[in-house]
Amino acid sequence: MECPEFDLVMTLGSGQTFHWRPVNALGGEGFTGCIGSTSVTLRQEGSRLLYRGGSPELLSRYFAFDHDLEAIRSSCAGHPVSQSASLACRGLRVMRQPLWECLASFILSPMKQVAHISQMSLALRSAYGTPLKDTPVPAFPEAGSLAEAGVEELRKCGLGFRAKSLHATASLVASGEFDPESLLMMSTGEARAELCKLPGIGRKVANCILLFAYERLEVVPVDVWVARILGSFRKPGSRKMTLEQLEIYGERQLGPYAGYIQQYLFHQARTGELKLPKPKSKPKPKPKPKASRKKMGGTNPSLPIVGGKTFL
DNA sequence: ACCCAGGGGCAAG
DNA sequence: CTTGCCCATGGG
């Protein structure tokens, strides 16, 4: 299909989604995965998006081809750094992901980098998701399947302390006590408050979900990178802001599509194209009495090469 | 308001 | 192989 301004590689590599795998398909380097329970294999050739599985309508919705990127870029015209990042990230789109899949995936994200979130996602999909034809990536498990599995079983997928949060949230969704769809018609503030009631979801994770699944394009998830970026916009010596204050500041500075602009800045910072003052050193003394061993088996060399971070 | 557990991959030594 | 680093949430 013909697609509007779009960069498949940058979009899938920007930390929004964790289950697309690089493959050689459709005549070159592409990706395979799924959208909900529909298996899809993709490859971009210029303005053409080659696909196997799915439909133009499904892909257009998922990749948000309806977002007017030119208008989004213009929205921060008065901010030189954002302008520059927006231009460098042309074609990077903030996606519109399935609600439960996105919500559950970001519960996995705290304290983890993209590469590891991908591994956890794949482990969960393989153990509890429905296998699909034409792709090695199973669908994301239903809430009921995860609730039924139990915390200890989920922990075996390498979730660590996130197993408890994911299991508790999955149980709330499976019982109908929490319905992801019910947030669709709420204001962003109300929806955020509801998300933050769920175990394992704090303000940052809630904002990621709002941005990547609920299309709240003004929301700015503030992690250490974004905090660093926003901090660099302020005068040296300004008073420190809390993360929430930085978030408000970011929304004001970056305009009505602050979430999009933030994604561009984040991507620039992660790829080293945006220079930041202090990577921040920590004078942290470490009382370490222990020695350990333990080695894990097989790293999968074909996992996504995204360097980086969660959130966004 | 402050402090810190907790987990596993990964880069560096 | 060993060590240090990464970093959101929740509970004390």
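All chains are named by letter (A, B, ...) in the order of the sequence lines, taking the proteins before the strands, and each is independently numbered beginning at 1.
- The partner of C:dG11 is B:dC3, by the rule that a Watson-Crick or G-U pair needs both atom distances under 3.5 Å.
- The CE-C1' distance, from A:M120 to B:dC10, rounds to 14 Å in whole Å.
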- Between A:F18 and A:F106, does a ring-ring contact (aromatic ring centres under 6.0 Å, His included) hold up when you go through it step by step? CA-CA 10 Å; A:F18 308 103; A:F106 275 92; 5.3 Å; yes
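- Between the CD atom of A:Q245 and the P atom of B:dA1 there is a distance of 11 Å, rounded to whole Å.
- Ring pair A:F65/A:F63 is parallel by interplanar angle, where below 30° counts as parallel and above 60° as perpendicular.
- A:S60 places none of its side-chain heavy atoms less than 4.5 Å from the side chain of A:D66.
- The CG-P distance, from A:L154 to B:dG7, rounds to 15 Å in whole Å.
- Following rounding to the nearest Å, A:K197 (NZ) and C:dT9 (P) show an atom-to-atom distance of 17 Å.
- At a threshold of 4.0 angstrom between heavy atoms, the contacts of A:L243 with the nucleic acid are absent.
- Residue contacts shown for A:L159 are absent, as no nucleic acid heavy atom lies under 4.0 Å away.
- When rounded to the nearest whole Å, the span between CD1 of A:I209 and P of C:dT9 equals 9 Å.
- When rounded to the nearest whole Å, the span between CG of A:L122 and P of B:dG8 equals 16 Å.
- Annotation: B:dG7 and C:dG11 have their P atoms spaced 15 Å apart (nearest Å).
- Closest to the A:K112 side chain, of the nucleotides B:dG8, C:dT9, B:dC10, is B:dG8.
- Put simply, CD on A:E244 is 15 Å from C1' on C:dT9, counting in whole angstrom units.
- Remark: A:R234 is positioned above the aromatic ring of A:Y249, its terminal NZ or CZ atom under 6.0 angstrom from the ring centre and at most 45 degrees off the axis.
- In this structure the side chain of A:L50 never reaches within 4.5 angstrom of the side chain of A:L42, judged on heavy atoms.
- Distance from the side chain of A:H116 is smallest to B:dG8 among C:dT9, B:dG8, B:dG7.
- The side chain of A:R162 sits closest to B:dG7 out of B:dG7, C:dT9, B:dC10.
- To the nearest angstrom, P of B:dG9 lies 12 Å from CD of A:Q113.
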